[in-house]
Amino acid sequence: MASSALFHPNTSSLFHKTKPKAAPQKPKLYSFPVIACSSSSTDAGDSSPSLFSSLSHNHKNRRPAEENIRDEARRLAQSHNFSAKYVPFNADPQSNESYSLDEIVYRSRSGSLLDVQHDMEALRKFDGNYWKSLFDSRIGKTTWPYGSGVWSKKEWVLPEIDSDDIVSAFEGNSNLFWAERFGKQFLGMNDLWVKHCGISHTGSFKDLGMTVLVSQVNRLRKMKRPVVGVGCASTGDTSAALSAYCAAAGIPSIVFLPANKISIAQLVQPISNGAFVLSIDTDFDGCMQLIREVTAELPIYLANSLNSLRLEGQKTAAVEILQQFDWEVPDWIIVPGGNLGNIYAFYKGFKMCYDLGLVDRIPRLICAQAANANPLYMYYKTKWQEFKPVKANTTYASAIQIGDPVSIDRAVFALKNTNGIVEEATEEELMDAMAQADSTGMFICPHTGVALTALIKLRSSGVIGPTDRTVVVSTAHGLKFTQSKIDYHSNNISDIACRFASPPLQVKADFGTVMDVLRTYLEKAPK
Ligand SMILES: Cc1ncc(COP(=O)(O)O)c(C=O)c1O
Ligand SMILES: N[C@@H](CCOP(=O)(O)O)C(=O)O
């Protein structure tokens, strides 16, 4: 838990803006590390200096031809003292309730959510510079499993898992895009960034959590624990990630989808990856209820973010953002929220970097919801007095059409501890924001349109300043949601003006006509 002095919005150093407000710097992604190890660093196992040097770029140290990268990791594996366990979420400090990560448990004795708690004392034996150098040294390599943006932080994720059990697609390390033109043209901002978590193996941020969960399932199955398959309820992205990682490991996956409420591109993903797909005549909240009941009865492991393992992977996106800014802390992070695991995951990532001395403050978090599915926003508007689940209405941001989010308590905790804000976006606002962003060279999903709407509103009210370093988290690839763009650019949405629609022009196959059309266009085109 954060001390109130550290997190107080007015007095805290956590919120002051330390960065110089000059032109934005490109993130340094590939700087070669200067290793600053404490004297006890040889105890760090996988993270020891000897491992650093043996995995450097030096040709002489290339693995033998007959060895693959898993074999190499096995040969180099060393023991360490890091560990993690489940504890009740936001538990009373006196509580001694805890569970091994090798147990199959999703809730505490009192029925509350769980959290993965790391042995911070063991991690603190190494200072902030040590962790920064270690993480920086692993970016962009093919070393198993550290080539993954998630597993490059293995000691902070699942420290005890054998690298051999890890199921990874080298996810993470996603682009932090400087939204130069969007920021300048629509917001008068010069330091706006979009973290493209959707440019990923299955096209959404869910890969970050799913590699962790499926790896742990792989381990449990090797330990002969009763797990015959892994199941989830989904609005499309969780099921895509689950089915891909399970298929890679040869583990059966079962997905419950709300019938006719997810995009075709999302639906075809679990089908292609061989998942057992149930299309159920209900909404996401109905599917979530069913999967919880089913996983309580059958040896099917629950893969939704109710399972706190997922968040350990998702939190690495926060660490990655800091790393991409060369460990300078941005002012704002904007995350679209549905089931609300991700906003807490971002908090966890930033908080861990703060607690372990990598940074000296935490950014303010903003959660953005679609107005058609806005239970968190409504709760925020009551000043956290009364939470009421809502019936989520249809939204183009279909992956966040969720009325009864399982991680509501986690989200409120994250927002309260970062002086956070909740915003909402109408259908017209989110679709316009998506079209505006696309017109500056992005190709974002409607959920990112929700997050951009929050930014537009907070910028126009002056809460976010023109030089504030701001990161919008883009959660899925736009290619999963092309129908929404087709509807918009065809001017085919009732009640929405589609102000930024740019439909194609039908033209006769005739040179003169084509020339006339082009001349008119070029006269109006920006010079
Ligand atoms: C594309 C996309 N964006 C945002 C979210 C919201 O994430 P969370 O459920 O963790 O709030 C989801 C899933 O819920 C999603 O699939
Ligand atoms: N958007 C999600 C909804 C379920 O969220 P989860 O993080 O709890 O799995 C999806 O794509 O299914």
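In listed order, ligands and their atoms are each counted from 1. Computed from heavy atoms alone, side chains included, the values below leave out hydrogens, waters and symmetry copies. Numbers here simply count residues along the sequence, with the first being 1.
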Original post:
Hey, are K457 and E424 close enough for a salt bridge, meaning a charged N less than 4.0 Å from a carboxylate O?
Top reply: no
Original post:
Under the side chain to side chain donor-acceptor pair (under 3.5 Å) test, which residues partner Q216, sequence neighbours left out?
Top reply: D102
Original post:
Which parts of the protein, at residue level, reach under 4.0 Å of ligand 1 through a heavy atom?
Top reply: F205, K206, D237, P336, G337, G338, N339, L340, G341, N342, A399, I400, H447, T475, A476
Subject >> Any donor-acceptor pair under 3.5 Å from E320 side chain to S174 backbone >> reply: yes
Subject >> Under the salt bridge (charged side-chain N to carboxylate O under 4.0 Å, His left out) test, residues paired with K485 that sit two or more places apart >> reply: D438
Subject >> Pair Y379 and W384, ring centroids less than 6.0 Å apart >> reply: yes
Subject >> Between Y396 and Y488, ring centroids under 6.0 Å >> reply: no
**OP:** Return the protein residues near ligand 2 (heavy atom under 4.0 Å from any of its atoms), ordered by chain and residue number.
**Re:** K206, S234, T235, G236, D237, T238, F284, N304, S305, R310, N339, A399, I402
Original post:
How about Q401 and N372: does a side-chain donor come under 3.5 Å of a side-chain acceptor?
Top reply: no
Original post:
So does D92 have more than 12 non-hydrogen atoms from other groups sitting under 6.0 Å from CG?
Top reply: yes
Original post:
Would a 4.5 Å heavy-atom cut-off, applied to side chains only, mark L123 and W131 as touching?
Top reply: yes
